[in-house]
Amino acid sequence: MEISRDGAHWGQMQVNQENNQVHFHASGELPKYGEILRVWGMRDGAQPLLIGVAEPAGEGLQVERTLTKQYLESLGYWPELPKSYVAGICPPAFEQRPDFHDRFIKQLLHNDAVTLNREAGMSVFTCKFAPECEFPFAFIFSCCTVKNACAKLIWDEKKDCPVWTVPE
């Protein structure tokens, strides 16, 4: 996979999974001004995953790091690994999602069928509601509204509980 820096190509990332471990190997160009570069893995809504600090290797820089699947899972990066990689001197900005305590709600964050929008202290989860589609809100259906084949679940971030809504 490509590693970008300031929106431009910087290097390449190779990821290999073996047993209970994931091996990351990044290689890229030397910086022009001698900065200390770090490489992060990124995925929507998740905190950047620091892969490591780039070290000199031949004519460029490289990062070698092995992480266990259990460690990656504790950071929210297993079973879904980073979708992109970024090099830089500071961590990339990301949209921080609220810290949910309910384990079922946490699982919704990793479900590709679910989208999350935040509105005034509320997290609004949505997904399709159709016979041929997975329905990840089944565990809390009584708190959802359904309209035009779309289910909506509103979660109060402050109270850390669902908001019961009147059907539309």
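Start at 1 with the first residue, then count along the sequence. In what follows, every heavy atom counts, from backbone to side chain, and hydrogens, waters and symmetry copies are set aside.
- Taken from CH2 in Trp10 to CG in Leu37, the straight-line distance is 6.0 Å, to the nearest 0.5 Å.
- At least one side-chain heavy atom of Lys69 sits under 4.5 Å from a side-chain heavy atom of Val22.
- Ring centers of Phe135 and Phe137: under 6.0 Å apart, within the cut-off.
- Cluster annotation: Leu108 is connected to Val146 through the hydrophobic network of ILVMFWY side chains, with a link wherever side-chain heavy atoms come within less than 4.5 Å.
- When the side chains of ILVMFWY residues are joined at heavy-atom separations under 4.5 Å, either directly or via intervening members, Ile89 and Trp40 end up in two distinct hydrophobic clusters.
- The neighbour count for Gln70 CD, taken as heavy atoms of other residues, nucleotides or ligands under 6.0 Å away, is above 12.
- When side chains are defined from C-beta on, Val163 does not count as touching Leu153, because their heavy atoms never get closer than 4.5 Å.
- Annotation: the span from Thr126 atom OG1 to Asn117 atom CG amounts to 6.5 Å, rounded to 0.5 Å.
- Heavy-atom minimum distance, Pro48 versus Pro92: CG-O, 3.5 Å.
- With values rounded to the nearest 0.5 angstrom, Asn20 atom CG is found 9.5 Å from Leu72 atom CG.
- To the nearest 0.5 Å, the span separating NE2 on His25 from OG1 on Thr66 amounts to 11.5 Å.
- Counting heavy atoms from C-beta on, the side chains of Phe24 and Leu67 come closer than 4.5 Å.
- Val15 places none of its side-chain heavy atoms less than 4.5 Å from the side chain of His23.
- A donor-acceptor pair is defined here as one N or O able to donate and one able to accept, closer than 3.5 Å; no such pair exists between the side chain of Asn19 and the backbone of Gln21.
- Residue Phe125 is grouped with residue Phe139 when hydrophobic side chains (ILVMFWY) are merged at heavy-atom distances under 4.5 angstrom, including chains of intermediate members.
- Legend: salt bridge (charged side-chain N to carboxylate O under 4.0 Å, His left out) pairs involving residues 120-140, not counting sequence neighbours: none detected.
- Counting heavy atoms from C-beta on, the side chains of Ile140 and Pro162 come closer than 4.5 Å.
- Applying the 6.0 Å contact sphere to CD of Glu55 captures no more than 12 heavy atoms from other residues, nucleotides or ligands.
- No donor-acceptor distance shorter than 3.5 angstrom exists from the side chain of Asn148 to the backbone of Cys150, with no hydrogens or angles considered.
- Hydrophobic cluster membership differs between Val53 and Leu49, with clusters built from Ile, Leu, Val, Met, Phe, Trp and Tyr side chains linked at under 4.5 angstrom.
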query = Between Leu50 and Arg38, does a side-chain contact (heavy atoms from CB on, under 4.5 Å) hold up when you go through it step by step?
reply = CA-CA 7 Å; Leu50 178 62; Arg38 291 162 181 81; 3.9 Å; yes
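- No continuous path of ILVMFWY side-chain contacts below 4.5 Å connects Met42 to Ile3, so the two sit in separate hydrophobic clusters.
- A heavy-atom distance below 4.5 Å is not found between the side chains of Ile105 and Gln107.
- If you take NZ on Lys152 and OG1 on Thr115, they are separated by 11.0 Å, rounding to the nearest 0.5 Å.
- Listed by chain and number, the residues in a salt bridge (charged side-chain N to carboxylate O under 4.0 Å, His left out) with Glu35 are Arg5 (sequence neighbours excluded).
- Checked by atom type and distance alone, the side chain of Thr68 pairs as donor or acceptor with a backbone atom of Tyr71 at under 3.5 Å.
- For the pair Gln12 and Glu2, the minimum side-chain heavy-atom distance is below 4.5 Å.
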Show every donor-acceptor pair shorter than 3.5 Å between a side-chain atom in residues 75-88 and any protein atom, with sequence neighbours excluded, or say none if there are none.
{"residue": "Tyr77", "atom": "OH", "partner": "Gly41", "partner atom": "O", "Å": "3.4"}
{"residue": "Tyr77", "atom": "OH", "partner": "Gln47", "partner atom": "O", "Å": "2.7"}
{"residue": "Glu80", "atom": "OE2", "partner": "Lys83", "partner atom": "NZ", "Å": "3.1"}

request  = Quick one: do Val39 and Leu61 satisfy side-chain contact (heavy atoms from CB on, under 4.5 Å)? Show the steps, please.
outcome  = CA-CA 11 Å; Val39 176; Leu61 297 175; over 6 Å; no
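- Scanning both residues, Gly52 and Val63, for their nearest heavy atoms gives CA-CG1, 3.8 Å.
- Distance check, rounded to the nearest 0.5 Å: OG of Ser27 to CE of Met13 gives 9.0 Å.
- Side-chain contact of Ser123 with Glu157: a donor-acceptor pair under 3.5 Å is present, judged by distance alone.
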